[in-house]
Engineer: 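First, the structure itself, so that you have it in front of you.
As the structure lists them, so they are numbered: ligands from 1, and atoms in each ligand from 1. Heads up: numbering here begins at 1 and tracks the sequence.
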Amino acid sequence: MGLKILLDGELVDKENAKISVFDHGLLYGDGIFEGIRAYSGRVFRLKEHIDRLYDSAKVLMLEIPVDKKKMIDDIRVTLKANSLTDAYIRVVVTRGAGDLGLDPRKCPKASYFIIADKISLYPDELYEKGMEIATVSTRRNIPEALNPRVKSLNYLNNIMAKIEGTQRGVAEALMLNSQGFVAECTGDNIFIIKNGVLITPPAAAGALLGVTQEAVIGLAEARKIEVRKEFFTRYCIFTADECFLTGTAAEIIPVVALDGRTIASGKPGEITLKLIADFRKLTKSSGEVI
Ligand code: PMP
């Protein structure tokens, strides 16, 4: 059975899930999205993802055609139609079809669609041995231009960085903000651990406020680990005791080297491994059954 996509409230076959070439999501990247995950039939941090989607819409003055309750119901319908219990769920809202100008007022109705598919992760080996990352020259968008907290369809900033990372032979690239502070990676938030303290850049450093990032902070606090959100530079990563990335797709992935410098012993850190174990338990036990 082929994949079923929910498009503007209707389930359609993948082949028939089509959007107008006049859609401003395509013409201008004018739209928003969320990446959500279901584990054993439970949707992890559903409320947080839905809230972030509607907050992104608010900032862009984009009216999502359905309310939060209906969106959640549509996610349930999409999972059920594809018989998926472990899935990656992509929710996309586009400005809709308009004319060739920029003006969103010419797009009378936003479109939305939901794709639920099997999840593809980084290779297992990277979780066991940790990954190497590299700093790229593309800086993260400045919040005064396009706030990275808005999860918009315009991901070119991250894509430029991803291309550079790929050229350098790494699976994830580190992005600095315009002042040279660490912001985040192309699709993941970053954490370091130094002297037992867990540190991650605040959203003000030019990062998406990650759902996984917040979940990990909660897990660390439950272990009585001190957590700080503060600005830091590459120096702090080079000299950290541990480092890892977080994201809905990646979950928690240890980082063992940056720009050719081995981080501490070059092996996934002790606290990182504990948080990975805690996170696995949390995703299995806490998600919402919808
Ligand atoms: N930063 C960026 C740029 C991202 O695209 C993502 C993944 N959506 C993240 C961080 C991680 O966020 P989350 O934990 O909410 O998936």
Engineer: Donor-acceptor check, side chain of Glu242 to backbone of Thr272, threshold 3.5 angstrom: yes or no?
Structural biologist: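 Answer holds: yes.
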Engineer: Before accepting this row, confirm whether a basic side-chain N of the pair Arg95/Asp23 lies closer than 4.0 Å to the acidic partner's carboxylate O.
Structural biologist: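 No salt bridge links Arg95 with Asp23.
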Engineer: Taking NZ, NE, NH1 and NH2 as the nitrogens, is one of them in Arg105 or Asp103 under 4.0 Å from a carboxylate oxygen of the other?
Structural biologist: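 Answer for the salt bridge query: yes.
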Engineer: Is there side-chain contact between Arg149 and Val59, with at least one heavy-atom pair below 4.5 Å?
Structural biologist: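 Arg149 vs Val59: side chains apart.
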Engineer: Are Glu34 and Arg52 ion-paired here, with the side-chain N under 4.0 Å from a carboxylate O?
Structural biologist: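 Answer for the salt bridge query: yes.
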Engineer: Could you check ligand 1 for N or O atoms lying under 3.5 Å from protein N or O atoms and list the pairs with distances?
Structural biologist:
{"unit_1": "ligand 1", "atom_1": "1 (N)", "unit_2": "Glu184", "atom_2": "OE1", "d": "2.6"}
{"unit_1": "ligand 1", "atom_1": "5 (O)", "unit_2": "Lys151", "atom_2": "NZ", "d": "3.3"}
{"unit_1": "ligand 1", "atom_1": "5 (O)", "unit_2": "Tyr155", "atom_2": "OH", "d": "2.5"}
{"unit_1": "ligand 1", "atom_1": "8 (N)", "unit_2": "Lys151", "atom_2": "NZ", "d": "2.6"}
{"unit_1": "ligand 1", "atom_1": "14 (O)", "unit_2": "Val211", "atom_2": "N", "d": "3.4"}
{"unit_1": "ligand 1", "atom_1": "14 (O)", "unit_2": "Thr212", "atom_2": "N", "d": "2.9"}
{"unit_1": "ligand 1", "atom_1": "14 (O)", "unit_2": "Thr212", "atom_2": "OG1", "d": "2.6"}
{"unit_1": "ligand 1", "atom_1": "15 (O)", "unit_2": "Arg52", "atom_2": "NH1", "d": "2.8"}
{"unit_1": "ligand 1", "atom_1": "15 (O)", "unit_2": "Arg52", "atom_2": "NH2", "d": "3.0"}
{"unit_1": "ligand 1", "atom_1": "15 (O)", "unit_2": "Val211", "atom_2": "N", "d": "2.8"}
{"unit_1": "ligand 1", "atom_1": "16 (O)", "unit_2": "Thr248", "atom_2": "N", "d": "2.9"}
{"unit_1": "ligand 1", "atom_1": "16 (O)", "unit_2": "Thr248", "atom_2": "OG1", "d": "2.6"}

Engineer: Run through the side-chain heavy atoms of Ile, Leu, Val, Met, Phe, Trp and Tyr, join any pair under 4.5 Å, and report what else lands in Val256's cluster.
Structural biologist: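 Cluster partners of Val256: none, it stands alone.
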